[in-house]
Amino acid sequence: MSHIHITLKDVSFGYEKNKNILTNISFTAREQESVGLIGANGAGKSTLLKLLVGLLPGYQGSVEIMDTAVKKETLPWIRERTGYVFQDSDSQLFMSTAYEDIAFAPRNYGLPADEVERRTARALDLTRITHLRDKQIYKMSGGEKKLVSIATILSMSPDIILMDEPSIALDPKNRRNLIQILNQFTHLKIIASHDLDLILDTCQRTILLSRGNIVADGPTAEILKNQKLLEQHDLELPLSLLGRPQT
Amino acid sequence: MDELAARDTWLNRVHPLAKLLVTLACISVTVSFSKYNLVGLLVMAVYPASLFILNELSFPDALRRLRVVLPLVCMVGLFNPFFDREPAASFGSFTVTYGMISMVTLMMKGILAVLSSYLLVASTGIESLCYALRRLHVPAILGTQILLTCRYISLLLAEADRIVQAYSLRAPRQKGVHFKVWGSLAGQLLLRSMDRANEVYESMSLRGFTGEFYDHPKNAFQWKDAWYLILWLLLIAAARYFWR
Ligand SMILES: Nc1ncnc2c1ncn2[C@@H]1O[C@H](COP(=O)(O)OP(=O)(O)OP(=O)(O)O)[C@@H](O)[C@H]1O
Ligand SMILES: [Mg+2]
């Protein structure tokens, strides 16, 4: 298997011409790294994550995942190895029941039926939603949908996990369980979130985006402690570092 | 609809391919009856009627769901009595013309076809249906189109619901939506639902969707499915033969 890593070199991207949302982004994330992606609303976090799985064609610069450039021909290969959780669960889920949705990817990858069953059951178990297995998705609460969304990519057994706001809508107990799941996943993950305490608990490294630029990239503990830096870019210290009780 | 298809009844457990074939046979035989053959069509009505009863589906429910389609189907034969005035039988002073009979048979054909399709969708679910179509070597692109259209319609309805809710919460004294904002709401609805549909499609392709459909292993074609298929085909063929 090729070495797991993500490398961006001078990547710029805009939805409209002459209006870059991301400018000159360069970084490398290596195997076993967990990277937090933080930044104010509209900083470009979701855009950056979508770029990595080829949802936004027409960028400048180079994006490589495991030595493979992200372009049309390589997308199936890259996507099979990358699990992406949308910021909005309603975009992520499309089958009628939780089971069907979670089994969708393994079935599409042509796995035998018992393996599909095993992986789906495991994903349900990890996210602790086995009781929702046959529930209609349109009848679920926001948090329930989020958990199903996370399960849909766990069943893919990806090498890389990209999550956009995974803790949004989760209650404290499920949020703690999510942190546990994330910490058990050791390959390579990038997590975009405003939940800085979650980043603190799951990522060793943090990248701070501001208006489409990387303004800081380093150990999470250092960046999230740096009140001046955070406030400069419209963010605040994580609650746990303020000495307040954690939610 | 999804909910009906997700029930666990004997009909829902029949292999989608068997149900699809029976439905196709039933519809084509129904349509093939001559336009004055009222009795034959009444016999064909046994198929949807028995499925409604055996599978404990609510008929009024079906009528409610089909309330938009059924009147349209009935309109088709509406003018036949004017074209075809040749008398067929008379009861006292009232004369039944061939045009009246063909109007009724045309309506019945339409209604039977719609009901049979309804039964198929209500007992099978759209994903399994696309899978069955694939098994019949219908091109993948067509199955995908059908699937995405169905998804799009439900997305559109959900999105419309959200917009109207959001609107009514901020315009609590109004009944319905003020006509001045109809245009912008409709435009919003179109944009938002297309955006949403696009993201859903992205989510599908991110998880390896290429146009093929996979079905539950529990749905392997079994003997009981073959029996279901054979029995109905025999019955339909018999109906066609004896009530020509
Ligand atoms: N489809 C689109 N077309 C045009 N502009 C867009 C589109 N999606 C996002 N943008 C713009 O790109 C910028 C970055 O958006 P993005 O969603 O990446 O931000 P984000 O960091 O994820 O913000 P948030 O924290 O609110 O999720 C925003 O200014 C937004 O207006
Ligand atoms: Mg975002």
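The heavy-atom pair separating B/Arg207 from A/Thr152 by the smallest distance is NH1-CB, 3.3 Å. Of all heavy-atom pairs spanning B/Leu206 and A/Val53, the tightest one is CD2-CB, 3.8 Å. For B/Gly208 against A/Tyr109, the heavy-atom pair with the smallest separation is N-OH, 3.2 Å. Looking at every heavy atom in both residues, A/Phe104 comes nearest to B/Met204 through CE2-O, 3.8 Å. The two atoms that bring B/Ser203 and A/Ser91 nearest to each other are CB-O, 3.4 Å, heavy atoms only.
Annotation: maximal heavy-atom pairing with chain B below 4.5 Å, among A/Leu75, A/Thr82, A/Asp88, occurs at A/Asp88.
Atom CZ of A/Arg211 is surrounded by 12 or fewer heavy atoms from other residues, nucleotides or ligands within 6.0 Å. At most 12 non-hydrogen atoms from other residues, nucleotides or ligands lie less than 6.0 angstrom from CZ of A/Arg122. Counted within 6.0 Å of CD on B/Glu56, heavy atoms from surrounding residues, nucleotides or ligands total 12 or fewer; the atom is thus considered open. Counted within 6.0 Å of CZ on A/Phe27, heavy atoms from surrounding residues, nucleotides or ligands total more than 12; the atom is thus considered enclosed. Within a 6.0 Å sphere centred on NE2 of A/His131, heavy atoms belonging to other residues, nucleotides or ligands number more than 12.
Within the 4.5 angstrom heavy-atom criterion, atoms from both the backbone and the side chain of A/Phe94 approach chain B. For a residue to count as touching a neighbouring chain, one of its non-hydrogen atoms must lie under 4.5 Å from one of that chain's; by this rule A/Glu80 does not touch chain B. Contact annotation for A/Asp134: neither backbone nor side-chain heavy atoms come within less than 4.5 Å of a heavy atom of chain B.
Taking the salt bridge (Lys or Arg N to Asp or Glu O under 4.0 Å) definition, one finds that A/Glu64 meets it with nothing, sequence neighbours left out.
Put simply, the side chain of A/Gln92 does not reach to within 4.5 Å of the side chain of B/Val200, judged on heavy atoms.
Counting only residues at least two apart or in different chains, salt bridge (charged side-chain N to carboxylate O under 4.0 Å, His left out) contacts with residues 43-57 of chain A comprise A/Lys50-B/Glu199.
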